Peer 1: 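One structure is given below, represented as structure tokens, and several questions about it will come after.
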Amino acid sequence: MPELPEVEVTRLGLRDALRGSRIDGVHQGKPLRWPLGCPPQQLHGERIDDVERRGKYLLLPLQHGELIVHLGMSGSLRWLAAGTAPPPGAHDHFALLTDRGELRMRDPRRFGAVVWHAARAAPHALLAALGPEPLGAGFDGAVLQRALRGRSAAVKTLLLDQRIVAGVGNIYACEALHRAGIDPRRAGGEISAARCARLAEALRATLSEAVAAGGSTLRDFAAADGAHGCFQHAARVYDRAGLPCPACGAAVLRITQGQRSTYFCAHCQRR
DNA sequence: AGGGTGACCTGTCGGC
DNA sequence: TGCCGACAGGTCACCC
């Protein structure tokens with residue numbers, strides 16, 4: 001599920017509840033992708049100072065170190081105010097019990113993780129190589145073109161590389177390329193400056209519209225309050241194979257790139 | 001170094 | 001109804 005918009009929607013839904021809360025306990029279910037990296041008791045008494053985001057990672061700065069959360073393919077976080085928490089379900093594999101309530105992570109496929117990192121001063125290895133934030137002030141066509149320079153792989157595949165730009169996943173890569181009118185099979189390094197500028201702007205517009213729509217819920221994404229996103233209804237090509245392109249009416253195509261589905265309109269998206 | 005593939009894990013859906 | 005394959009929002013380790 002979770003690309004940048006879903007993680008950002010989660011962050012916004014957790015911020016007020018978590019900021020300033022104190023961790024009193026930790027629940028761990030089945031193993032996630034990576035181990036926590038510290039004894040759970042070490043977190044007891046820690047105050048959560050804020051709720052931040054970098055790419056698809058959610059960051060919880062503590063008094064000592066930070067927690068780094070990734071939602072993988074199927075993860076979501078719920079905030080359960082004190083006294084309202086039902087017993088953990090089969091796929092609830094991690095929880096922080098705080099003085100105000102419970103932060104519960106559900107992740108059926110267990111591709112997600114919660115990792116403790118000691119020193120905020122030095123970025124964790126998971127974050128060190130991330131590319132620019134597409135919604136950040138410095139991101140534009142020139143930055144994107146520099147990152148794509150010399151690359152022969154398909155631009156769609158490169159957009160999924162978190163070192164090129166942080167936070168873009170399969171849905172929003174497809175949507176932004178359609179919006180920019182660029183063929184997803186085009187080699188990244190061959191895209192002109194003008195088209196890189198259009199692509200950078202399309203990424204910004206697509207991602208910010210998705211945040212405003214509460215993200216996309218394909219199967220199991222929910223915000224911290226349990227609400228589903230509705231951007232999937234606004235998608236122009238993603239998961240719409242055979243349906244008409246909203247811009248020209250031609251049938252949307254589905255191809256496979258790097259073992260992932262790509263949806264695009266061969267009429268609107270030119271090499 | 002960059003590009004391509006398999007692996008991780010569980011659930012759901014369509015076809016026979 | 002049941003079984004089986006394809007597919008799903010991600011990314012890492014490994015091969016050439």
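Source: prediction; values computed, not measured. Residue numbers start from 1 in every chain, and the chains themselves are labelled A, B, ... in the order their sequence lines are given, proteins ahead of strands.
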Peer 1: So, using salt bridge (charged side-chain N to carboxylate O under 4.0 Å, His left out) as the criterion, who are the partners of R47(A) when residues are at least two apart?
Peer 2: D49(A)
Peer 1: Can you confirm whether more than 12 heavy atoms, excluding those of H44(A), are under 6.0 Å from its NE2 atom?
Peer 2: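 Check passes, neighbour count above 12.
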Peer 1: How long is the line joining CZ of R185(A) and C1' of dG3(B), in whole Å?
Peer 2: 19 Å
Peer 1: Could you state the CZ-C1' distance from R149(A) to dA1(B), rounded to the nearest angstrom?
Peer 2: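 Taking atom C1' of dA1(B) as the reference, CZ of R149(A) is at 15 Å.
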Peer 1: Considering only atom P, compute the distance from dC14(C) to dC9(B) and round it to an integer number of Å.
Peer 2: 16 Å
Peer 1: OP1 or OP2 of dT11(C) versus the side-chain N and O atoms of R163(A): is any pair under 4.0 Å?
Peer 2: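 For dT11(C), OP1/OP2 do not have a side-chain N/O of R163(A) under 4.0 Å.
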Peer 1: Just the dot-bracket of DNA chain B, please: which string comes out with Watson-Crick or G-U pairs under 3.5 Å, [ ] for crossing, | for another strand?
Peer 2: .|||||||.|||||||
Peer 1: Would you indicate which nucleotide in dC12(C), dA8(C), dG3(B) comes nearest to any side-chain atom of A153(A)?
Peer 2: dG3(B)
Peer 1: Could you give the CD-to-P distance, from E6(A) to dA8(C), as a whole number of Å?
Peer 2: 16 Å
Peer 1: Got more than 12 heavy atoms from elsewhere within 6.0 Å of CZ, R163(A)?
Peer 2: no
Peer 1: Within the 3.5 Å criterion, strictly below it, is a donor on T206(A) or E175(A) matched to an acceptor on the partner's side chain?
Peer 2: no
Peer 1: We want to know whether E46(A) and H64(A) form a side-chain donor-acceptor pair, criterion being a heavy-atom distance below 3.5 angstrom.
Peer 2: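 A pair is found: one side chain offers a donor N or O, the other an acceptor, under 3.5 Å apart.
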Peer 1: R195(A): what forms a side chain to side chain donor-acceptor pair (under 3.5 Å) with it, not counting sequence neighbours?
Peer 2: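 Not a single residue meets the side chain to side chain donor-acceptor pair (under 3.5 Å) criterion with R195(A).
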Peer 1: Please report, rounded to the nearest Å, how far the P atom of dG4(B) is from the CZ atom of R260(A).
Peer 2: 15 Å
Peer 1: Going through the checks in order, is the salt bridge (Lys or Arg N to Asp or Glu O under 4.0 Å) test met by R11(A) and E8(A)?
Peer 2: CA-CA 5 Å; R11(A) 184 184 78 84; E8(A) 180 66 9; 2.9 Å; yes
Peer 1: Give a yes/no on whether any side-chain N or O of S261(A) is located under 4.0 angstrom from OP1 or OP2 of dA8(C).
Peer 2: yes
Peer 1: Parallel, tilted or perpendicular for F231(A) and Y172(A), by the 30°/60° rule?
Peer 2: tilted
Peer 1: Rounding to an integer number of Å, can you tell me how far L4(A) CG sits from dG10(C) C1'?
Peer 2: 14 Å
Peer 1: For the pair made of CZ in F221(A) and C1' in dG11(B), what is the distance, rounded to whole Å?
Peer 2: 19 Å
Peer 1: With a 4.0 Å cut-off on N to O distance, would you call E3(A) and K56(A) a salt bridge?
Peer 2: no
Peer 1: Which whole-number value in Å describes the distance from L158(A) CG to dG3(B) C1'?
Peer 2: 10 Å
Peer 1: For L60(A), which of I68(A), L96(A), L14(A) qualifies under side chain to side chain contact (heavy atoms under 4.5 Å, CB included)?
Peer 2: L96(A)
Peer 1: Can you find a side chain N or O atom of S152(A) that sits less than 4.0 Å from OP1 or OP2 on dG3(B)?
Peer 2: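 So the side chain of S152(A) is within the cut-off, an N or O lying under 4.0 Å from OP1 or OP2 of dG3(B).
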Peer 1: Please list all pairs meeting salt bridge (charged side-chain N to carboxylate O under 4.0 Å, His left out) that have one or both residues in residues 17-42 of chain A, counting only residues at least two apart or in different chains.
Peer 2: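 Salt bridge (charged side-chain N to carboxylate O under 4.0 Å, His left out) check on residues 17-42 of chain A returns R19(A)-D50(A), R22(A)-D24(A).
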Peer 1: Phosphate oxygens OP1/OP2 of dG10(C): is one of them under 4.0 Å from a side-chain N or O of Y57(A)?
Peer 2: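 So the side chain of Y57(A) is outside the cut-off, no N or O lying under 4.0 Å from OP1 or OP2 of dG10(C).
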Peer 1: Where along residues 233-247 of chain A does a heavy atom come under 4.0 Å from DNA chain B, residue by residue in number order?
Peer 2: none
Peer 1: When you compare dG6(B) with dA6(C), how far apart are their P atoms, in angstrom units rounded to a whole number?
Peer 2: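 Per the computed distance, 13 Å lies between those P atoms.
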Peer 1: Should Q162(A) be listed as having a side-chain N or O under 4.0 Å from OP1 or OP2 of dT11(C)?
Peer 2: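 Yes, such a contact exists.
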Peer 1: Apply the side chain to side chain contact (heavy atoms under 4.5 Å, CB included) test between I191(A) and each candidate in D183(A), V155(A), L158(A); give the one that qualifies.
Peer 2: V155(A)
Peer 1: Let me know, please, whether R219(A) or G150(A) comes out on the 5' side of the other along DNA chain B by nearest nucleotide.
Peer 2: G150(A)
Peer 1: Reading nucleotides 5-10 of chain B 5' to 3', which nucleotides get B (base under 4.0 Å from a protein heavy atom), which S (sugar-phosphate only), which -?
Peer 2: BB-BBB
Peer 1: Please report, rounded to the nearest Å, how far the P atom of dT11(C) is from the CG atom of L71(A).
Peer 2: 10 Å
